[in-house]
Participant: 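Below is the structure I would like to discuss, written out as structure tokens.
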Amino acid sequence: MANADHGGRPAEALGATAVGTVQARLRVARLGLWLVAAILGVRQVAVVLGTPSGERLTDLETWVGPDGVLHVKGSLYDSTQFTGTPFGGLVLKPLTRAAEQALGWGWTFGTLLLVVALGLVAARALPQPVSRRASLLAAPVAISLLMLSLPVRNTLYLGQTSIMPVLLVLLGCFAVRGERASGVLIGLAAALQPTLLLFTPLLWFTGRRRAALSTGAAFAASTVVAWVAMPGDSYTYWVHHVGGVGLGGRADDLANQSLHGALLRLGLTGPLEIALFLLLGAAVAVLALRRAVRYARDGQLLLAVAITGCAAIVASPTAWQHQLLWVLLAVVGQVGKRAGDRYVWPVAVILVMTLPAKTMVPDKVIFHPLRADLILLAALATAVVVPFLSRTSPYWQTPIPTRYADPVPSRFRRIPLVPFLRRVLSRPNLLFELLLIRVTYYAYAQIRLAAAGGSHSAGRVTAEEHGAEIHSIERALRIDIEYWANHAVVKIDWLRNFFDFYYESFHFGVPLAILGVLYWRRPVDYRWARSAIGFATVFALIGFWLYPLAPPRLMPGLGFIDTVHGPQDFTQPDYGTLTELTNQYAAMPSLHFGWSLWCGLVILVLAPNWWLKTLGLLHPLLTVTAIVVTGNHWVLDAAGGALVVAAGFGMTHLLQGPRARTVTPEAERVSGGSPVPVKDRAAS
């Protein structure tokens, strides 16, 4: 009786059933992930082969096409279009004109198979111990991430060979038996990409000296064979171009993510730049190798390989986008003592390696160096900065657990709908929040622009028809006050200037300031408020997409004065100072008013003093006045903004339940930085 539950079933049977259920779910998840990987692979092939023949596989066509450098007489490097080593040219020589017709298909599918092999090897190389779930799901996840990464997409599109050196190194480190065979594979990789000779000291100082000697011997033998077969090309590459420096595109091009390219983009040239590059590159290589040796001895050889590869990116004279795959391998490193911080580093790496830099970094002058060198900075951080955890650390398997707020009772049984989205008491990781805000805003801007219907002129007719509908509804409701308010304010210069300034200046600043204060002072309330404004923005995007609407200032014939942007030439298909930059028909609902209302409600709920609450409510009042008197919104747009904000708070309540109890800075101080719920008041 002691081993039976209330239903009379033995506990062993319950345990077996639970294990069987977990295994079934793992099998379903694994099958789903393999399906995702297959879909991504098919999509990448379709994108490449669906591109016109003159625009796809351009690097491959330059090498082996009808007039490719591998066919013409003379040096491979006469045109500087071929940037590989002489050994790489020797390997590609067998690809003659007889293979040209099927070369695109064969090369693309061959590269795809190499990516799959790379993902399988990387999945098997994860640092031990690995849970059963991780071992089952690692391969499809790794292949999917590789398919999504910018280097692989760039390699497939250009027809490059940069997957091969990475795969050879991983095969040499993790797949083949025997140090000699391992060294031969890594030496062949270095013969294709010389900076990979950095793996030789990694092998030597981790006790694999026979492999290190084999690496050097294989590299030397491959280079000598290429020199014997193509002495002129070898002299041009190794002596005249000093190991390929100067081949290909301009070294200061944004696609070159090496330290040399970054220094050139900063304006340094000549002997000073070369000396600085050699000095900094050598320092990065030494520091990175010391770290790599330490992590390899710690049992994290895949992380050591990633660190060494990132050092090769930094120290190389040119590191083009298709050669940057080493950074993605750094996703296996564990960073942070808290459980809540464990996902920050892998998420950051995945975002940097799968999204263009313009997505990650705002287009502001102050951020241009960061935007131009984002992947280089990620490689530098991996090589010498990020404090990856050692497997001997007590936090390796048991990080500091996440603390949750006490649940707040709800009137309805089905709230929260998603119980695992409980209120976290600790402050969220700042890097993760900044990444989340930036990527979300970029997606918001792109979707808002796409909602214009492909072009502003294409969406203009529909938007103006909707504007006439809104105007008619307001006239029927007797709330069409926009024309009167607009012309009344225009007559008073100081009032017009005030509302123009208010409209342009407070839309983003106030919400960001509130989020910043909440993040620092009230982390639990920060998560609640951030979720609410996020859901409200998503609902607003749906409105922009379904109902493009011309604001009063863009309605021809109604006589509105655009006080902010100046006069509009309605005779032009695309008109106005901003119509070329953003979707001017994203008026319903008004996020200007919606975000200001969110600010007012958050201040009303959380502010400790009545005067702060009053000041908070003034913001949406002034905002709704500004959007109407400047001619940027209809009154009903503000009603739509209020509706999506209500829906945002409602969705947050529905999914996560009522707002958690208040957490004060004093409680955080007493608990040593880990907030605890304070029973001073319960939130509704």
Participant: I need the full list of ring-ring contact (aromatic ring centres under 6.0 Å, His included) pairs touching residues 260-294, with sequence neighbours left out, sorted by first then second residue.
Facilitator: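 Sorted pair list: His260-Phe277.
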
Participant: Under 3.5 Å, which donor-acceptor pairs link side chains of residues 305-319 to any protein atom two or more places apart or in another chain?
Facilitator:
residue	atom	partner	partner atom	Å
Thr308	OG1	Ala304	O	2.9
Ser316	OG	Thr318	N	3.4
Ser316	OG	Thr318	O	2.7

Participant: Does anything in residues 152-169 form a salt bridge (Lys or Arg N to Asp or Glu O under 4.0 Å)? List the pairs, not counting sequence neighbours.
Facilitator: none

Participant: According to ring pair (Phe, Tyr, Trp, His ring centres under 6.0 Å), who are the partners of Tyr157, at least two apart in sequence or on a separate chain?
Facilitator: none

Participant: Restricting to pairs with a member in residues 350-362, which pass side chain to side chain donor-acceptor pair (under 3.5 Å), not counting sequence neighbours?
Facilitator: none

Participant: Going by the rule side-chain hydrogen bond (donor to acceptor under 3.5 Å, both in side chains), which residues pair with Ser258 if we only count those two or more places apart in sequence or in a different chain?
Facilitator: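 For Ser258 the side-chain hydrogen bond (donor to acceptor under 3.5 Å, both in side chains) partners, ignoring immediate neighbours, are Asn256.
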
Participant: Under 3.5 Å, side-chain donor or acceptor atoms of residues 323-335 against the rest of the protein: list the pairs with distances, not counting sequence neighbours.
Facilitator:
residue	atom	partner	partner atom	Å
Gln323	OE1	Trp320	N	3.0
Gln334	OE1	Arg342	NH1	2.7

Participant: Holding to ring pair (Phe, Tyr, Trp, His ring centres under 6.0 Å), I want the full list of residues that pass it with Tyr547, two or more places apart in sequence or in another chain.
Facilitator: His466

Participant: Do any pairs count as a salt bridge (Lys or Arg N to Asp or Glu O under 4.0 Å) and have a residue in residues 259-271, sequence neighbours left out, and if so which ones?
Facilitator: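 Matches after skipping sequence neighbours: Arg265-Asp373.
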
Participant: Among residues at least two apart in sequence or on other chains, which ones pass side-chain hydrogen bond (donor to acceptor under 3.5 Å, both in side chains) with Thr537?
Facilitator: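 By the side-chain hydrogen bond (donor to acceptor under 3.5 Å, both in side chains) rule, Thr537 matches Trp595.
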
Participant: Please list, chain by chain and in numerical order, all residues satisfying side-chain hydrogen bond (donor to acceptor under 3.5 Å, both in side chains) with Arg250, sequence neighbours excluded.
Facilitator: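 So Arg250 forms a side-chain hydrogen bond (donor to acceptor under 3.5 Å, both in side chains) with Asp252.
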
Participant: Quick test of your reading: applying ring-ring contact (aromatic ring centres under 6.0 Å, His included), list the pairs with at least one residue in residues 330-380, sequence neighbours left out, ordered by first then second residue.
Facilitator: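 Output for this query lists Trp345-Phe388.
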
